[in-house]
Amino acid sequence: MLAALVASGAANAQAFRAYLASYGNDANPCTAAAPCRLLPAALNAVADGGQVWILDSANFNQGTINVTKSVSILAIPGAVGSVVAVGGAPAMSIGVASLKVGLRNLVFANNALSPGTDGVVVTAGSRVSLEGCLLENLPGTGVRVAGQGATVNIENTTFRDMGGGSVSAAVGAKVSVVASRMLGGVPAIFAAAASAGTASISVVDSTIAGGDTEQDGISVDSSASNGNALIDVSRSSVLNSGTALRAWSTFGNAIITVSGSIIANNQCAFAINGSGAAVQSFGNNHFSNNFCEGGALTQAPLR
């Protein structure tokens, strides 16, 4: 009975809102008056469906942040809420299904003294949003989505110099990238179908600028029967990349659709390989100053 009462008291002590600050202490109750110092303490203190507020600028983790409950994590305006990838691991991992996780005004970076890998890794069927975030200089992928049934929405976010690309999706994942900037990455945006099923990404009102002839802008790859790797691009720009649009299919379908977009100053505008690969243009795009075209565009009617 005593153990049950203690557990019940601990559960009831969880708050809707937990607070972090550079001057905090993890022995504190994570209140505004007595904030905690690191994200794991705040996540333990906050109730499922609650919020973690970062009050000032500092780094707020020492290892991978494992998110196991629905929560919003945000730095207040003017604060830099930094989360680093360290020790050969990602900065944040979301590996529990059916969560709703919001990340706002956060900076995901690499620890140069003990390098990590990815920024945010989603390996379960949860719904995740990134708003107004910065991901920079990570050796791996900025946002890697590999969870069956995962839905990730990225808005007004900047990716800079990602070693393994900005955004990737595997089979079972749906990703949207809106009003964002991918500056560097190999490739910047990548969907892969290595098994039966569909990996899909939508890119709207965004800019992809590789700055290196070895870096691809947008790439799809299907290597499985009944696999579908799909990326839709609308009102976006792909500039200064190696190959702007690359579709590669060994088995299954690898398809990029592009409308109302600018494809300019790339080493190659597009490269298409395999019977299931295609780059579908709706005829309202601007292609200019690209030095090669590998294959033929498929014309798709506007409707």
Side-chain angles (χ1 to χ4, degrees), residues 2-87 89-111 116 118-122 124 126-136 138 142-143 151-158 179-180:
L2 179 60
L5 286 171
V6 170
S8 175
N12 290 334
Q14 288 188 320
F16 167 68
R17 187 170 290 144
Y19 296 86
L20 286 176
S22 63
Y23 51 85
N25 189 306
D26 285 350
N28 288 342
C30 300
T31 61
C36 291
R37 179 63 184 87
L38 298 174
L39 269 166
L43 289 172
N44 285 333
V46 75
D48 186 65
Q51 299 178 341
V52 174
W53 282 25
I54 297 173
L55 301 177
D56 65 352
S57 298
N59 181 70
F60 293 97
N61 72 310
Q62 295 177 333
T64 299
I65 303 301
N66 293 299
V67 179
T68 59
K69 63 181 68 173
S70 294
V71 66
S72 294
I73 304 172
L74 58 98
I76 66 171
V80 177
S82 174
V83 184
V84 298
V86 62
M92 181 175 291
S93 176
I94 302 169
V96 176
S98 302
L99 302 183
K100 298 177 182 178
V101 178
L103 308 172
R104 185 168 185 177
N105 195 28
L106 302 179
V107 175
F108 293 87
N110 183 46
N111 184 324
D118 308 306
V120 180
V121 177
V122 182
S126 286
R127 189 166 68 194
V128 181
S129 67
L130 286 83
E131 305 167 21
C133 294
L134 169 65
L135 299 94
E136 61 177 355
L138 291 160
V143 177
T151 301
V152 176
N153 302 306
I154 301 167
E155 186 168 353
N156 191 29
T157 289
T158 297
S180 296

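Annotation: the span from Glu131 atom CD to Asn156 atom CG amounts to 9.0 Å, rounded to 0.5 Å. Here Met92 contributes atom CE and Leu39 contributes atom CG; the two are 6.0 Å apart, rounded to the nearest 0.5 Å. If you take CG on Leu20 and CH2 on Trp53, they are separated by 13.0 Å, rounding to the nearest 0.5 Å. Between atom CG of residue Leu130 and atom CG of residue Leu103 there is a gap of 4.5 Å, rounded to the nearest 0.5 Å.
For the pair Thr157 (side chain) and Glu155 (backbone), a donor-acceptor distance under 3.5 Å is present. Between the side chain of Asn25 and the backbone N or O of Cys36 there is no donor-acceptor pair closer than 3.5 Å. Under the 3.5 Å distance criterion, the side-chain polar atoms of Asp56 are matched with a main-chain donor or acceptor of Ser22. Counting only distance, with no hydrogens or angles, the side chain of Asn28 and the backbone of Cys30 share no donor-acceptor pair below 3.5 Å. Ser70 places a side-chain N or O within 3.5 Å of a backbone atom of Lys100 that can act as its donor or acceptor partner. The closest donor-acceptor contact from the side chain of Ser126 to the backbone of Leu99 lies under 3.5 Å. At least one donor-acceptor pair closer than 3.5 Å links the side chain of Lys69 to the backbone N or O of Leu43. The closest donor-acceptor contact from the side chain of Gln14 to the backbone of Asn44 lies under 3.5 Å. Judged purely by atom type and a 3.5 angstrom limit, Asn110 has no side-chain atom pairing as donor or acceptor with the backbone of Val86.
A pairwise comparison of heavy atoms in Pro90 and Thr64 identifies O-OG1, 2.6 Å as the closest pair. Closest approach of Ala124 and Val96 over heavy atoms only: CB-C, 3.5 Å. Nearest heavy-atom pair, Leu55 versus Tyr23, reported as atom, atom and distance to 0.1 Å: CD1-OH, 4.0 Å.
The closest side-chain heavy-atom distance from Val52 to Tyr19 is not below 4.5 Å. Taking the side chain as every heavy atom from C-beta outward, Val84 and Asn61 approach each other to under 4.5 Å. Side chains of Asp118 and Leu138 form no contact here, defined as non-hydrogen atoms less than 4.5 Å apart. Side-chain contact between Val83 and Ile65 is present, with at least one heavy-atom pair separated by less than 4.5 Å. The shortest side-chain heavy-atom distance between Phe108 and Val143 does not fall under the 4.5 Å cut-off. The shortest distance between side-chain heavy atoms of Leu106 and Leu74 does not fall below 4.5 Å. Taking the side chain as every heavy atom from C-beta outward, Phe16 and Val46 never approach each other to under 4.5 Å.
Legend: residues meeting side chain to side chain contact (heavy atoms under 4.5 Å, CB included) with Ala79, ordered by chain and number and at least two apart, are Ser57, Ala75, Ile76.
For the residue pair Ser129 / Asn153, no side-chain donor-acceptor distance below 3.5 Å is found, with atom types taken as modelled.
Dense packing is recorded around CZ of Arg37, with more than 12 heavy atoms of other residues, nucleotides or ligands lying under 6.0 Å away. Residue-environment remark: CZ (Arg127) stays at or below the threshold of 12 foreign heavy atoms within 6.0 Å.
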With side chain to side chain contact (heavy atoms under 4.5 Å, CB included) as the test, would you mind laying out the steps for Val71 and Gln51 before giving the verdict? CA-CA 6 Å; Val71 66; Gln51 299 178 341; 5.9 Å; no
